[in-house]
Visitor: 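Here's a structure for you.
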There are 2 protein chains.
Amino acid sequence: MRDSRATIMDVARDAGVSKTSVSRYLSGEFKVLSDDIRQRIEASIARLGYRPSQMARGLKGGRTRLIGLVVADVMNPYSVAILHGAEAVCQQHGYTLMLCNTGNDEAREKQALTMLRSYDVEGLIVHSQGRPSRFMYDLLESNLPVVLVDRRVSGIEVDLVGLDNRQAGRAATVHLIERGFTDILYVTQPIRAVSSREERHTAFLETLAARPDCRGETLELAALEGDAALDHALAAFMSRAGTQRKALLAASGVVTLQLVLALRRLGLTVPQQVGLLGFDELSWSKLVEPGISTLAQPTDEIGFQAATRLLERIATPGHDHHELLLPGTLIVRGSTSA
Amino acid sequence: MRDSRATIMDVARDAGVSKTSVSRYLSGEFKVLSDDIRQRIEASIARLGYRPSQMARGLKGGRTRLIGLVVADVMNPYSVAILHGAEAVCQQHGYTLMLCNTGNDEAREKQALTMLRSYDVEGLIVHSQGRPSRFMYDLLESNLPVVLVDRRVSGIEVDLVGLDNRQAGRAATVHLIERGFTDILYVTQPIRAVSSREERHTAFLETLAARPDCRGETLELAALEGDAALDHALAAFMSRAGTQRKALLAASGVVTLQLVLALRRLGLTVPQQVGLLGFDELSWSKLVEPGISTLAQPTDEIGFQAATRLLERIATPGHDHHELLLPGTLIVRGSTSA
DNA sequence: CTGTTAGCGCCTTCAT
DNA sequence: ATGAAGGCGCTAACAG
C-alpha cells in the first residue's frame, strides 16, 4: 500500500500548534504569525516532508491550479507546439496541465471536456475538432474561462488565438502568382466546418477570383483515401491542357507531407514541373530538395498567448472576448522559385 | 463568477433520496438499488446536469484517476509518440493525464514530480532527464507506482519500458560495417548519465572493438555549440587520411537533423562521400535524398506499454520490477547503400 | 434495500 | 497572534 503522506494535522501536532496556523503559514500569511511558531512549523514541515494536497485544497471551492488542454491531434506538430508554449506558461505560474487528445473526434472531445471539468480545472484551452457540440455551449454558460486555439466554434464567443488565416491565405496565393504559377491546385484536409481551413480556402478563392488570368482548383483529401486516389487526382491536374505553370498549395503540414510523397511517386520535379507551397513550417522543410517554401505559423507564440490570456482571464474575469490573430511568415525556398 | 455545479446533495434532494443512494448509483452498485430509486436518480442527474467532482472523490482517499506524465522534452518527436500512446491508454481506462515538461532540466523534473504528487496521481510515467535526484529516491519509498521510459535512473529499481539499446546499437553498427563503411563517426548528444545514450554508445564501441579492420570515433554535441563547431568536427573527420569508406551514425533524431543540415553546408554527398544512419525514424526520413536509413523505435508501442504496465501496477500492486526492452527496426534507405 | 454518520485534507469565518 | 469549529463533495462503514 502507498504510504499516506503527512497531513496538515500531522504538522500541527508535530509543531504543537493548530491546523489554522499551519494553514496560514502555507498561505504565506506571515504577518500574523509569531516568529517562534513560524519556525516550528517550518521545521515540522521539513521533518515530515509535508506537501499540501492540492486535491483537498481545490475542494474547498477554488484554486485547483489546474488548466485543461484539449488538443485535436497530439501527433500533429502544430498541436505539439501549442502544447509546448502553453505548458511553459502554466508551469511558470504554478499551474499544471491536464491533457486530453481527441483525435479530431467529436465524441472524444465531449468526453474530454467533461473529464476536465469534473476535476474543476480553472480554465480550458481548446483546439477543437471544429463541429460545435451542445457541450461547448453549456461550457460557455458555465462561465468557465476558455480560450480557443486555431479553430473557431460557430456560435461560441470566447477568446481565440490563432493564425490570421485570411492574411496568410492571401499571402500564400499571391506569392505563387507572383512567381508565375497561374494554375493552382489547393489541397486540403476535409474542410468540414473547421474554421481555419475554411478561412484559408476562402482567402485562396478570393485572391484568385481577382485574377482572371489565373485558374484555381480545390482538392479535398478524404481521410481514408489511399495514396492511389491522390496520385490520380494530381496526375489529372497535371495533365490538364494549358501552358500555364502549375503549382500546389498545401493547406497544412500534414498535406504537404502527403504531397511531397505523391510527387515523388509520380516522378514530378519541383519547381520545374510543378511548384509547391505549404502552410506550416516543418523541421524538414529546408531539407527536402529544392527546399519547400512554407507559410510558417508562430506556433509557440500561439500556445504562449493562449495560456497567458487564459491565466489573465482567470485572474480577472471580464466579459469582453478578444481574438488574437497572429500573422504568418512566408518562407521562400526552392519549391516556388520562378 | 463561475456557476457552481450541482452536487450529490442536490441530486439527492431532487430525487428525494439520500446522498448514499446517489453515491451508490454513481458507483454502479445497481444490485442494491430499487428500480424506482434508480430511475428517480437517473432523472435528477439528467435534469440537473450533475457531474461528480473528481476532486472530492479523490480526496476520500483513493482513486483520483490521475496519471502523471513527466516528459524530458515535449518538442522531441520521441516524447510526443510516448505521450500519444500513453494518453490513448489512459483515456480508454478513464484516467486523465497530467503533463509536465522538464526540458531535460533536473530542477524542473523535481518540481514536476512534486506537483504531480501533490495532486495525488495514482501513478507516474517518467521520461527522466537522467541524473538520479534524491527526489526519485523517496518517490520510490513512497511506493507510488512508477514506470520509467527510455531512460534508467541509476539506483532506482522500477519498471522500465524502452528500446533495447544494446541490440539496436549493435544492429546499427553492424549494418554500416556490412555496407562497407569502416570508418565510423558516432555523433551523440551529451551522454552525461543518460542510460539510453550510454547503452547505444557502448554497443557501438563494443561492436567496433570486435572488428580490427574498422575504426570508430565519437563526437559529443555540446548543447550550446554552434553550427560552426559541428562543421569543423565533421570536416576534420572527413579529411583524416585513409581510403576507408566513412559513415556517420547519429544517436538520435535530433542529431540526425543536425547532421543532414551540416552535410548540406559542407557540400558532402550521401552516401558517396559519407554514409549516414540515424536512430529514430522521422516523418521526413524517406524524403531527404537519397533517403535516410534509420533505426526505428517502436515509439507508440513504448508509450502504450508504459501506460498499460502502470495501470496494471496500480490495479495490483506487486513488488517485482520488470524491464520491457522492445527491439528496434532497421530501415534501410539510400544513405547507407553500398 | 436505504439512510445516518463520519471523516478525507484543507481553508475560513469567528471567537479568544 | 492563535485556535476551534464548520464545511467543500464525496465515499464508506454502520445501522435499520
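Order of the sequence lines sets the chain letters (A, B, ...), proteins ahead of strands, with each chain counted from 1.
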Visitor: Hey, is A:D10 close enough to A:R5 for a salt bridge, meaning N to O under 4.0 Å?
Guide: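 Salt bridge flag = no for A:R5 with A:D10.
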Visitor: Any idea which heavy atoms bring A:N101 and B:E87 closest together, and the distance?
Guide: N-OE2, 2.9 Å
Visitor: Can a side chain N or O of A:S18 be found less than 4.0 Å away from OP1 or OP2 on D:dG3?
Guide: yes
Visitor: I need the CG-C1' distance between A:L33 and D:dG3, as an integer number of Å.
Guide: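 One finds 12 Å between C1' of D:dG3 and CG of A:L33, rounded.
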Visitor: Check B:A12 against B:S18 and note the closest heavy-atom contact, atom names and distance.
Guide: CB-C, 3.8 Å
Visitor: Nearest-Å distance, CZ (A:R63) to C1' (C:dC11)?
Guide: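 Those two atoms, CZ and C1', are 13 Å apart.
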Visitor: Side chain of B:L59: nearest nucleotide among D:dT11, C:dC11, D:dG9?
Guide: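 Looking only at side-chain atoms, B:L59 lies closest to D:dG9.
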Visitor: Give the rounded distance in Å between these two atoms: OH of B:Y25 and P of C:dC1.
Guide: 17 Å
Visitor: At 4.0 Å (heavy atoms only), tell me whether A:V22 reaches a base, stays on the sugar-phosphate, or touches nothing.
Guide: nothing
Visitor: Nucleotides 12-14 of chain C: which of its N/O atoms have a protein N/O under 3.5 Å away?
Guide:
residue : atom : partner : partner atom : Å
C:dT12  : O4   : A:T20   : OG1          : 3.4

Visitor: Any side-chain N or O of A:T7 less than 4.0 Å from the OP1 or OP2 oxygen of C:dG9?
Guide: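 Indeed not, no polar side-chain atom of A:T7 lies that close.
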Visitor: How many whole angstroms separate atom CG of B:L48 from atom P of D:dG9?
Guide: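 Those two atoms, CG and P, are 13 Å apart.
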Visitor: Would you sort out whether A:D105 and A:Q129 count as a side-chain contact (heavy atoms from CB on, under 4.5 Å), showing the intermediate values?
Guide: CA-CA 6 Å; A:D105 182 72; A:Q129 41 77 34; over 6 Å; no
Visitor: Enter the distance from B:T64:OG1 to A:Q54:CD here, rounded to the nearest 0.5 Å.
Guide: 13.0 Å
Visitor: Where the side chain of A:R57 is concerned, which of C:dC10, C:dG3, D:dT11 is the nearest nucleotide?
Guide: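 When the side chain of A:R57 is considered, C:dC10 is the closest of C:dC10, C:dG3, D:dT11.
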Visitor: Using a strict threshold of under 4.0 Å (side-chain N to carboxylate O), is an ion pair present between A:R152 and A:E323?
Guide: yes
Visitor: Between B:R38 and B:Y25, is NZ or CZ placed under 6.0 angstrom from the six-membered ring centre and within 45° of the ring axis?
Guide: no
Visitor: From C:dG9, D:dT2, C:dT2, pick the nucleotide closest to the side chain of A:V32?
Guide: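 Comparing C:dG9, D:dT2, C:dT2 against the side chain of A:V32, the answer is D:dT2.
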Visitor: Whole angstroms only, please: what is the CE-C1' distance between B:M9 and D:dG7?
Guide: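 Rounded to the whole Å, the gap is 13 Å.
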Visitor: Could you please name the option among C:dG9, C:dG3, C:dC11 that lies closest to any side-chain atom of B:S21?
Guide: C:dG3
Visitor: Rounded to whole Å, how long is the line connecting atom CZ of A:R65 with atom P of C:dC11?
Guide: 12 Å
Visitor: If the helix axis at each end comes from five base pairs, how far does the helix from C:dC1-D:dG16 to C:dT16-D:dA1 deviate from straight, to 10°?
Guide: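 The angle, to the nearest 10 degrees, is 40°.
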Visitor: Can you measure B:I8 atom CD1 to C:dC8 atom C1' for me and round it to whole angstrom units?
Guide: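 Those two atoms, CD1 and C1', are 15 Å apart.
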Visitor: Can you tell me the distance, in whole Å, between the OH atom of A:Y119 and the P atom of D:dC10?
Guide: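 After rounding, the reported distance stands at 13 Å.
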Visitor: Using the side-chain contact (heavy atoms from CB on, under 4.5 Å) rule, take B:I156 and B:L139 through it: C-alpha gap first, then chi angles, then the decisive distance, then the call.
Guide: CA-CA 10 Å; B:I156 310 283; B:L139 182 61; over 6 Å; no
Visitor: Which of parallel (below 30°), tilted (30 to 60°) and perpendicular (above 60°) describes A:Y78 and A:H127?
Guide: tilted
Visitor: Select base, sugar-phosphate, or nothing to describe what A:Y50 touches, counting heavy atoms under 4.0 Å on all strands.
Guide: sugar-phosphate
Visitor: Looking at CD of A:E312 and CD of A:Q305, how far apart are the two atoms once the value is rounded to the nearest 0.5 Å?
Guide: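 Taking CD in A:E312 and CD in A:Q305, the distance rounds to 8.5 Å.
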